Enquirer: 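Dumping the structure here so I can ask a few things about it.
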Amino acid sequence: MTATLLRTAADLHARARTGRRAVVMTMGALHEGHATLIRTARKIAGPDGEVVVTVFVNPLQFGAGEDLDRYPRTLDADVELAGRSGADAVFAPSVDEVYPGGEPQVRISAGPMGEWLEGAARPGHFDGMLTVVAKLLHLTRPDVALYGQKDAQQLALIRRMVRDLNFGVEIVGVPTVREEDGLALSSRNRYLSPAERRTALALSQALFAGRDRHAAQEALRARAREVPATRARAEALSAIGESRAAADAHAVATTAGGPAAVRAAARLVLDEAARLDPPLRLDYLALVDPADFTEIGDDFTGEAVLAVAARVGATRLIDNLPLTFGTLGDAS
């Protein structure tokens, strides 16, 4: 499949629309993670719909000292990958097309939700991101727009903007795509030297350690629930021949665990990576509520996101994993 390259909104609006239009927004340098987004968009749009991929390196979301000029620009390869993945068109506007007359005087504010984690590390980033997303939603006029879950805070803010400002578009999050060694796919991975890449694996390894600690905790809680917490507990344990195993499960399940244990398991991996050569320099490790990206408490139940950001050499990377707390209820 060959994707048509379009440079202006007028050219995009001139295309006939017969079904749903699904849009995938990118800054180019497309990789398999983007290809997954495009393939998902193709399924959602269906054979009668249309998939449009935007390629635009947005200057508003790059702060002082960030890599705007260094950001890779590979439009020819992007158009080829987009078409191969199922896109009908690639909309690659110029800066003047998106911001006629210069930088916009009126912008979208991310509000309090955009002031911590990525927002604290990159002041103004989310205001610029939301402004260009709003512009591109208006310019492309989609029925559905797809974004990767790797940028979890970005996805949460886009969903909140669409809801708060009554955009008539469905927002779909697509799970993170990883390389075989676990590193989340990113256009910035190409900047890593072999030694830096080995250190960078600590991001995903920390998340996996937190996830595994959480899974083990939930398994122990489930095991503890099998035996009632009554005066007959000892007799019941003895009767099934598992007194030590069940008692240990109950002891562990009812002591240190939950969000605190998840954070501790992830932090241990990151602390070890800080001693590597080259070292990992942690920006943050957070376990947050995806509704507003505030840290969750130890009694939290529901969906959560374990998120990490760090620098290895000159490259800054982010990653996250979703977790669910409290699905099995309290141990008896």
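From a predicted model like this one, the values you see are computed outputs, not experimental measurements.
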Enquirer: Does the distance from a Lys or Arg side-chain N to an Asp or Glu carboxylate O, for R15 and E50, drop under 4.0 Å?
Expert: yes

Enquirer: Tell me whether R39 is salt-bridged to E32, with the criterion being a basic N under 4.0 Å from an acidic carboxylate O.
Expert: yes

Enquirer: Between the side chain of E196 and the main-chain N/O of S193, is any donor-acceptor distance below 3.5 Å?
Expert: yes

Enquirer: L5, V53: one ILVMFWY side-chain cluster at the under-4.5 Å cut-off?
Expert: yes

Enquirer: Any ion pair linking D143 and R17 (charged N to carboxylate O, less than 4.0 Å)?
Expert: yes

Enquirer: Check whether the ring centres of F167 and H138 lie less than 6.0 Å apart, and answer yes or no.
Expert: yes

Enquirer: Taking T54 for its side chain and F91 for its backbone only, find out whether a donor-acceptor pair lies under 3.5 Å.
Expert: no

Enquirer: Ignoring hydrogens and angles, tell me if any N or O in the side chain of D11 forms a donor-acceptor pair with the backbone of L6 under 3.5 Å.
Expert: no

Enquirer: Given 3.5 Å as the limit, does a donor-acceptor pair link the side chain of T301 with the main chain of F325, or not?
Expert: no

Enquirer: Strictly distance-based, threshold 3.5 Å: is any side-chain N or O of R21 a donor or acceptor partner for the main-chain N or O of T140?
Expert: yes

Enquirer: What distance separates R263 CZ from L285 CG, expressed to the nearest 0.5 Å?
Expert: 8.0 Å

Enquirer: For the side chain of R107 and the backbone of G128, is there at least one donor-acceptor N/O pair under 3.5 Å apart?
Expert: no

Enquirer: Search all heavy atoms of P175 against all heavy atoms of Q149 and return the closest pair with its distance.
Expert: CA-OE1, 3.5 Å

Enquirer: Under a 4.0 Å threshold between the charged nitrogen and the carboxylate oxygen, would D88 count as salt-bridged to R42?
Expert: yes

Enquirer: Looking at CZ of F126 and CG of L157, how far apart are the two atoms once the value is rounded to the nearest 0.5 Å?
Expert: 5.5 Å

Enquirer: Once you round to the nearest 0.5 Å, how far does CG of N320 lie from CG of L287?
Expert: 11.0 Å

Enquirer: Under the side chain to side chain donor-acceptor pair (under 3.5 Å) test against R197, which residue among N189, T315, D181 passes?
Expert: D181

Enquirer: So, D96 versus S94: side-chain donor-acceptor pair below 3.5 Å or not?
Expert: no

Enquirer: Find the distance between CD (Q153) and CH2 (W116) and round it off to the nearest 0.5 Å.
Expert: 8.5 Å

Enquirer: Do E118 and Y284 have side-chain atoms, one donor and one acceptor, less than 3.5 Å apart?
Expert: yes

Enquirer: Does H125 use its side chain to pair, donor to acceptor, with the backbone of Q61 at less than 3.5 Å?
Expert: yes

Enquirer: If you round to the nearest 0.5 Å, how far is CG of L317 from CZ of R311?
Expert: 9.5 Å

Enquirer: If I take atom CZ from residue F208 and atom CG from residue L203, how far apart are they, to the nearest 0.5 angstrom?
Expert: 10.5 Å

Enquirer: Is the count of non-hydrogen atoms from other residues, nucleotides or ligands lying under 6.0 Å from D164 atom CG greater than 12?
Expert: yes

Enquirer: Can a salt bridge be assigned to the pair D283 and R316 using a cut-off of 4.0 Å between side-chain N and carboxylate O?
Expert: yes

Enquirer: Test T131 against every option in V98, N58, I108 by the side chain to side chain contact (heavy atoms under 4.5 Å, CB included) rule and name the one that passes.
Expert: I108

